[in-house]
Amino acid sequence: MFTEDGAQQPFSAAAGTHRADDRISPGKEGRGLQRLNPCSIIGSAMTKVSPSMLSADFSRLGEELLRVERAGADWIHIDVMDGMFVPNITVGPLVVKALRPLSRIVFDVHLMIEKPVRYVNAFADAGADILTVHTEAEGEIREAIKAIKDRGLRAGISLNPGTPFSAVEKYLDEVDVLLVMTVQPGFGGQSFREEGLPKITAAGRYAEECNPGLEISVDGGINRETGRRCAEAGATVLAAGSYLFRMDDMASEIALWKTFGKD
Ligand code: DX5
Ligand code: ZN
C-alpha cells in the first residue's frame, strides 16, 4: 500500500476494492486528481481489463482515455515503442505526462524499448503506475526492475511469443506483473498466437505456489474468444487494443470480460 505522501508500505494482495485510503496522493505538482493505488485492485476476484491505447484515435487521446475509463476498464495499457526493440515508434513520457491529470486510472505502461533502465525515472515522473520491461531487451533487466521498484512503482516482465517461459522464471519473485505476449510486439491488429497459453498455465502454477499477488497479463490478438481462453488458463489481466476499440458498446464488452475465468 502507499501512504498519503506516496511512500510504499508492505504489499497486501488481499485488497480487492477501491477505497478512499487506497488512493495515491498526487505528489507531483500539476496533478489534479488522486490516483488509484495499483495494489488496491491486485488480488481482485474479477478478471481485469486493460484497453491498449495503441488502437485509440491519437488525435483525441484525452477523450479516448476518458471513454475507456467510463467503460469500466481497470487499467489502461500504454505501448511505448522505440523503433529499435520493435520496428515501430509510438509515444514517450511526454504523452504519459499529458494524459496523467485527466484520470486516476492505473497506467499500465508496456516498454518495448532497448536498455529500459534509461527511462524508468522519466516514466515514473510522468505518472506511470506499472512499468513492464522485456526480457529480450538489451541491458541489465534486473537493474531495470530494481529501478522501477525503487521508484515505488509496480514492475512487470514481458516475454515474446518465441521466448520460453524459463527465460522469465528467474524474475518472477521480484515482479508484480508477468505480461505474456501473444503476438510479436510492434503492431496492433495481429492474430492471437497459441504459444502463450501454456506459458499462462505455467505462470498460474508458479503464482499459486510462490507469488500469489502476481498479475498474469496477456497482450496481443485478444478478443472475446481468445480473452476467455486466456482467463480460463489463468490470465488475470486482458490487454486488448483493436477488438475493444472497435466495439460500439465497450462497456458491455468489458463487463463480460471481467467474468471470464470466474464462471
Ligand atoms: C503490440 C502491443 C499491444 C497491442 C495489442 O505490440 O503490445 O498492446 O496494442 O493490440 P491488439 O489487441 O490489436 O492485438
Ligand atoms: Zn502492449
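Counting starts at 1 for both ligands and their atoms, following the listed order.
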Dump the pairs for me: ligand 1 N or O, protein N or O, distance under 3.5 Å, to 0.1 Å.
residue: ligand 1; atom: 6 (O); partner: Gly186; partner atom: N; Å: 2.8
residue: ligand 1; atom: 7 (O); partner: Asp79; partner atom: OD1; Å: 2.9
residue: ligand 1; atom: 7 (O); partner: His110; partner atom: ND1; Å: 3.3
residue: ligand 1; atom: 7 (O); partner: Asp219; partner atom: OD2; Å: 2.9
residue: ligand 1; atom: 8 (O); partner: His77; partner atom: NE2; Å: 3.3
residue: ligand 1; atom: 8 (O); partner: Asp79; partner atom: OD1; Å: 3.1
residue: ligand 1; atom: 8 (O); partner: Asp79; partner atom: OD2; Å: 2.8
residue: ligand 1; atom: 8 (O); partner: Asp219; partner atom: OD1; Å: 2.7
residue: ligand 1; atom: 8 (O); partner: Asp219; partner atom: OD2; Å: 3.0
residue: ligand 1; atom: 9 (O); partner: Ser52; partner atom: OG; Å: 2.7
residue: ligand 1; atom: 9 (O); partner: Asp79; partner atom: OD2; Å: 3.2
residue: ligand 1; atom: 12 (O); partner: Gly241; partner atom: N; Å: 2.8
residue: ligand 1; atom: 13 (O); partner: Gly189; partner atom: N; Å: 2.8
residue: ligand 1; atom: 13 (O); partner: Ser242; partner atom: N; Å: 3.0
residue: ligand 1; atom: 13 (O); partner: Ser242; partner atom: OG; Å: 2.5
residue: ligand 1; atom: 14 (O); partner: Gly221; partner atom: N; Å: 2.8

Between Ile222 and Cys230, is any pair of side-chain heavy atoms under 4.5 Å apart? yes
Could you tell me whether Arg67 and Glu64 make a salt bridge, using a distance below 4.0 angstrom between a side-chain N and a carboxylate O? yes
How many N, O or S atoms of the protein are nearer than 2.8 Å to the Zn ion (ligand 2)? 4
Over 12 foreign heavy atoms within 6.0 Å of CZ, Phe245: yes
Asp125 bridged to Lys97 by N-O distance under 4.0 Å: no
Salt bridge Arg154-Asp108, side-chain N to carboxylate O under 4.0 Å: no
Heavy-atom neighbours of Glu174 CD exceed 12 at 6.0 Å: yes
Under a 4.0 Å threshold between the charged nitrogen and the carboxylate oxygen, would Arg229 count as salt-bridged to Glu225? yes
Validate the cation-pi geometry between Arg100 and Phe107: distance from NZ or CZ to the six-membered ring centre under 6.0 Å, angle to the ring axis within 45°. yes
Between Lys258 and Gly72, is there a donor-acceptor pair closer than 3.5 Å when you use the side chain of the first and the backbone of the second? yes
